[in-house]
Amino acid sequence: MDMSNPAVFVNAEFLKEHVGRKVRTVVQVMQSDGDKVIGKSTDEIQLVVKGNPPNALSTFVEVIGIADTIQSIEAEIWTNFGDTFDVNSYDKVCRLANGDYKHLFI
């Protein structure tokens, strides 16, 4: 596993702090139209994920890629996480990973 450029756990709130860096997040897919997905972050804010999503997307998808704006990610990796997902727990992980415990995540 290459740890030279780790992906930071983010929700929409923390995405703006990592523009230009590699990030990872989970979104609830709201709309998909070919090369972009409109999704809802675990903190209930809309994000745009660009790239080449798989043909069949589940309701929840993890994406890893570069935060290219404060509300969008250019995805490199897409992973279906199924149709049920604990968004509250993931959101708490994002808060820990960007707060007092970020040294444990990067």
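On a predicted model such as this, the values are computed, not experimentally measured, just so you know. In what follows, residues are counted from 1 in the order of the sequence shown.
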*Please report the C-alpha distance between Arg95 and Asn11 in whole Å, then the side-chain angles of each, then the deciding distance to 0.1 Å, and finally whether the side-chain contact (heavy atoms from CB on, under 4.5 Å) criterion is met.*
CA-CA 8 Å; Arg95 293 182 187 289; Asn11 57 19; 4.0 Å; yes
*Residues Ile70, Val19; criterion side-chain contact (heavy atoms from CB on, under 4.5 Å); working and verdict*: CA-CA 6 Å; Ile70 63 170; Val19 172; 4.0 Å; yes
_Over all atoms of both residues, closest heavy-atom pair of Trp78 and Leu57_ = CE3-CD2, 4.5 Å
_With a 4.5 Å cut-off on side-chain heavy-atom distances among I, L, V, M, F, W and Y, is there a chain of contacts connecting Leu96 to Val87?_
yes
*So do Lys22 and Ile64 actually touch side chain to side chain, heavy atoms under 4.5 Å?*
yes
*Measure from the side-chain N and O atoms of Asp86 to the backbone N and O of Asn88, and report whether any donor-acceptor pair falls under 3.5 Å.*
yes
_How about CG on Asp68, more than 12 heavy atoms from neighbouring residues, nucleotides or ligands closer than 6.0 Å, or not?_
yes
_Tell me if the CG atom of Asp33 is crowded by more than 12 foreign heavy atoms within 6.0 Å._
yes
*Which atoms form the tightest heavy-atom contact between Lys50 and Ser72, and what is the distance?*
NZ-OG, 3.7 Å
*Please step through side-chain contact (heavy atoms from CB on, under 4.5 Å) for the pair Val8 and Arg21, ending with a clear verdict.*
CA-CA 8 Å; Val8 181; Arg21 295 184 56 205; 3.4 Å; yes
*Asn80 side chain vs Val61 backbone, donor-acceptor pair below 3.5 Å*: no
*Looking only at non-hydrogen atoms, find the nearest pair between His18 and Ala67 and report the distance.*
O-CB, 3.4 Å
*asked:* Would you say Ile38 ends up clustered with Val10 if hydrophobic residues are merged whenever their side chains have heavy atoms under 4.5 Å apart, either directly or through other cluster members?
replied: no
_Is there a path of hydrophobic side-chain contacts, each under 4.5 Å between heavy atoms, that joins Val29 and Val23?_
yes
_Using modelled atom types and a 3.5 Å cut-off, is there a donor and acceptor pairing between side-chain atoms of Asn52 and backbone atoms of Asp35?_
no
*Under a single-linkage definition using a 4.5 Å side-chain heavy-atom cutoff for Ile, Leu, Val, Met, Phe, Trp and Tyr, are Met30 and Val49 assigned to the same hydrophobic cluster?*
no
*Could you grab the distance from atom CD of Gln28 to atom CG of Leu47, nearest 0.5 Å is fine?*
12.0 Å
*Answer yes or no: is there a donor N or O on one side and an acceptor on the other, between the side chain of Asn98 and the main chain of Phe14, under 3.5 Å?*
no
*Gln46 versus Lys40: any side-chain heavy-atom pair under 4.5 Å?*
no
*Go through the steps for Phe60 and Val27 under the test side-chain contact (heavy atoms from CB on, under 4.5 Å), then give the verdict.*
CA-CA 6 Å; Phe60 294 95; Val27 296; over 6 Å; no
*Does some side-chain heavy atom of Ile73 sit less than 4.5 Å from a side-chain heavy atom of Leu15?*
yes
*Should Gln71 and Lys16 count as side-chain neighbours, where that means a heavy-atom distance under 4.5 Å?*
no
*asked:* Show the nearest heavy-atom pair for residues Tyr90 and Thr25, with the distance to one decimal.
replied: OH-CA, 3.3 Å
*Please check if the side chain of Ser58 supplies one atom and the backbone of Phe81 the other of a donor-acceptor pair under 3.5 Å.*
yes
*Looking at side-chain heavy atoms only, is the closest gap between Val37 and Val48 below 4.5 Å?*
no
*asked:* Checking the side chain of Ser41 only, and the main-chain atoms of Glu44 only, is there a donor and an acceptor separated by less than 3.5 Å?
replied: no
